[in-house]
Amino acid sequence: MKRPSIKQALILKLSIISLFMIGLSYVSLNTISTLRANTEQIGTFWMQRLVTAREIKENFLDLKLVYGQYLLVDTAEQKKAGQQEIDAAGVDLDTVVGEYEKGVRTERGRQLINQIKPELAKYRALAEQMIAFQNDGKTPEAIRLFKENMEPQAELVNKAVADLVAFILNQAEGFVTASGDSAQSAFLLTAVIAALAVLLAIAGIFFAISGIANPIRSIASAMRRLSDGDLDSDIPYAGRADEVGEMAGAVEIFRNNALNVVRLEKEAAESRSESEAARAATQQRAEREAEQLRFATTTLGGGLRRLAAGDISFQLSEQFAAEYETLREDFNASLRQLGATIGAVLQTVYSIDNGTGEIASAAQDLSKRTEQQAASLEETAAALEEITSNVTMATKRTDEARNVAKEADISAQRSATVVSEAEGAMRRIEDSSQQISNIISAIDEIAFQTNLLALNAGVEAARAGEAGKGFAVVAQEVRELAQRAAQAAKEIKGFIQKSSTDVQNGVKLVLETGTSLKSIGEYVVQINQLMDAIATSAREQSTGLAEINTAVNQMDQATQQNAAMVEQSTAAVASLSSEASRLRDLVNQFQLDGDKSADGQHSVRAFEGNRPIHLVASRRVTQR
């Protein structure tokens, strides 16, 4: 059977471990999902069911309590209030029962709530009979019905509610038990998967040590022995079919190659003695050719050194060997051609240098003049822009003042309207005060007549003796009420008269305010007309200045563009002058034939401009 490779073995083990981790994750997530679902059932449903069942019991106790309290009422008002409390308690109980019934999920829960509803109906029917006895004045019969019939029926209702609560608790306990079972099974399954994963990891570690680390260590030792020159020792694990075997096979190839090298060295030593004689014969011929080559290279090297020093005014006159004579002739021809070319370049450099000097001087003067013109235009544009800004701001302020004046005019007109409406309201208040005063007079007369009637009733009650004492007390109370009503009507009438006086004064002040607002409105109209004239004039001035400012800005931009172009031209001329000077310096390094001065160096005509002219035209550009 073929041994699997280390890669395949590692992939297999890691795949198995991954499957264990996937299984462990699935068990954990499934258990967590189950526990979460059970918790939601307990916390969000069955606990809510339990609370609702408790509310059913509490509301039934409240209903029972208000029925018991109804047995203690005597007056009609108390009976009415008691009936309202009974109705409210019944509505609360029906609401809670209906709420529970809408959320029922199980058939057993529906059966239990359906058992409660008829028992409640029986109890409330008995309660209606008890209320009828109480309303008819048959309190003993109502109490006997409450104790003998309603109490046993209430016990049946409480028992049905208790059964419902027990069912809810049983369901919640079932979910708790299911959660515990799920957690226990998940724990056992997780422990088994974890134990298998640990065992597989230990097996992988053992495989890595015995199947990978130890063979690699043995192969490394064999490689060290091979590097020390031990070619006789065998390479371990060379027969394995995995990566370790391939590594050992590669080391075995190195050992075989080393053995071949040793064999080849022995064969080379044998052939070296045979070629020694032939080498001696060719050595004499090589020495002769080397002497000829040395003479040619020495002479040519001297010429190249002179050429490197800038001297191109010489020629190689000594003859070379026949095979090297063509090289000497080509070198002499190259020197002649280079001398002619450098002479022509030097004349061109002189012409370029003189031209760039003149162009640079003219460009520098033009740059200065353009810069001064641009600065003046910029100052003029800034001043015009500031004036335009001030005029525009004044126009804006004038428009704002005109708008304010218009608003003031509108407000004055609105105030006049409001004053007119206030005047009408004051007059209506005055009329209402007069009507109220008439009503108060009528109330005062009614109080006076009531006082007389109460006085007559007291006299008649006194005549009646003991039988009229109660009526005499009532007559006295009515008389006092009539006197207080008369006194209050008198005070209100005084307040109304005072208010009428104040309203008349208010009407007078409102009329005066309306007159003043009308005068203010006329003045505001005049101010608005003047502000319109000022705004029109300022707008015309602002338009004219804006046109002037635009023209000056265009002139400023054109001048600045010219200054930029002059600056670019100056920079280009300066760069050209610098390059021409650099080219002249390079050409002056060469020494031409027939043009030597007393000191043996080539004479160079001195002139102004042999240094680069650097011109910097300052330019201020205003971004608008």
Side-chain angles (χ1 to χ4, degrees), residues 41-42 44-174 467 469-471 473-474 477:
Q41 286 289 333
I42 296 171
T44 61
F45 181 72
W46 291 110
M47 291 304 296
Q48 184 65 32
R49 298 281 88 191
L50 181 61
V51 171
T52 307
R54 296 288 187 183
E55 290 180 354
I56 292 173
K57 185 174 182 179
E58 292 175 358
N59 291 342
F60 177 69
L61 293 176
D62 292 339
L63 181 62
K64 181 180 176 182
L65 179 62
V66 295
Y67 279 141
Q69 291 176 351
Y70 193 82
L71 294 172
L72 304 177
V73 298
D74 294 328
T75 63
E77 294 180 356
Q78 291 177 349
K79 289 181 180 180
K80 184 178 180 181
Q83 185 63 46
Q84 291 176 355
E85 292 179 356
I86 290 172
D87 294 338
V91 170
D92 293 340
L93 181 59
D94 293 338
T95 301
V96 176
V97 171
E99 180 180 354
Y100 187 91
E101 189 175 7
K102 286 190 294 185
V104 170
R105 294 183 180 178
T106 63
E107 186 62 29
R108 178 58 180 166
R110 190 172 304 278
Q111 292 176 359
L112 291 173
I113 194 66
N114 289 333
Q115 289 177 5
I116 294 174
K117 291 170 64 177
E119 299 298 333
L120 280 175
K122 293 178 182 179
Y123 182 80
R124 297 175 77 170
L126 294 174
E128 292 297 328
Q129 296 178 11
M130 183 270 293
I131 292 172
F133 286 149
Q134 181 70 14
N135 291 336
D136 294 339
K138 300 177 181 180
T139 303
E141 288 82 355
I143 294 174
R144 185 168 56 252
L145 179 62
F146 183 82
K147 290 181 178 181
E148 294 178 357
N149 298 105
M150 293 178 65
E151 284 294 333
Q153 186 63 33
E155 293 297 329
L156 293 176
V157 174
N158 289 330
K159 183 179 182 303
V161 174
D163 292 340
L164 181 61
V165 172
F167 168 72
I168 295 171
L169 292 176
N170 187 23
Q171 292 293 320
E173 290 175 358
K469 285 185 177 181
F471 189 70
V473 172
V474 173
E477 292 295 331

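Leu71 has its side chain out of reach of Thr139: every pair of non-hydrogen atoms, C-beta onward, lies at least 4.5 Å apart. Looking only at side-chain heavy atoms (C-beta outward), Gln83 and Lys80 stay at 4.5 Å or farther from each other. Gln78 has its side chain out of reach of Leu72: every pair of non-hydrogen atoms, C-beta onward, lies at least 4.5 Å apart. Within the 4.5 Å cutoff, no side-chain heavy atoms of Ile116 are placed close to those of Leu112. Within the 4.5 Å cutoff, the side chain of Ile143 has no heavy atoms near those of the Phe133 side chain. Using a 4.5 Å cut-off on side-chain heavy atoms (C-beta onward), Tyr123 and Lys64 make contact. Side-chain atoms of Trp46 and Glu173, non-hydrogen and from C-beta on, never get closer than 4.5 Å to each other.
Within 6.0 Å of CZ on Arg54 lie no more than 12 heavy atoms contributed by other residues, nucleotides or ligands. Applying the 6.0 Å contact sphere to NZ of Lys79 captures more than 12 heavy atoms from other residues, nucleotides or ligands.
Remark: side-chain polar atoms of Gln134 are paired, donor with acceptor, to backbone N or O of Val73 under 3.5 angstrom. Remark: the backbone N or O of Ala166 is not paired with any side-chain donor or acceptor of Asn170 at under 3.5 angstrom. Put simply, the side chain of Gln153 gets close to the backbone of Glu119: a donor and an acceptor are under 3.5 Å apart.
A side chain to side chain contact (heavy atoms under 4.5 Å, CB included) with Asn59 is found for exactly one of Thr95, Asp94, Leu93, Val97, namely Leu93.
Taking CG from Asp136 and NZ from Lys138, the interatomic distance works out to 5.5 Å, rounded to the nearest 0.5 Å. Atoms CD1 and CG, from Ile113 and Asp163 in turn, are 12.0 Å apart once rounded to the nearest 0.5 Å. Residue Lys57 holds its NZ atom at 11.5 Å from CG of Leu164, rounded to the nearest 0.5 Å. Here Asp87 contributes atom CG and Asp92 contributes atom CG; the two are 11.0 Å apart, rounded to the nearest 0.5 Å. Gln69 CD to Ile86 CD1: the interatomic distance, rounded to the nearest 0.5 Å, is 9.0 Å. Once rounded to the nearest 0.5 Å, the distance linking CD of Glu58 with CG of Leu65 reads 13.0 Å.
Heavy-atom minimum distance, Leu63 versus Gly90: CD1-N, 4.0 Å. Nearest approach of Leu145 to Gln129, heavy atoms of both residues: CD2-CB, 3.6 Å. Scanning both residues, Val161 and Ala53, for their nearest heavy atoms gives CG1-O, 3.9 Å. Shortest non-hydrogen contact noted between Leu169 and Leu50 is CD2-CD2, 3.8 Å. Smallest separation of non-hydrogen atoms from Arg49 and Tyr100: NH1-O, 2.6 Å.
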Exercise for the section: Might you work through the side-chain contact (heavy atoms from CB on, under 4.5 Å) test for Glu101 and Asn114, ending with a clear yes or no? Expected result: CA-CA 9 Å; Glu101 189 175 7; Asn114 289 333; 4.1 Å; yes
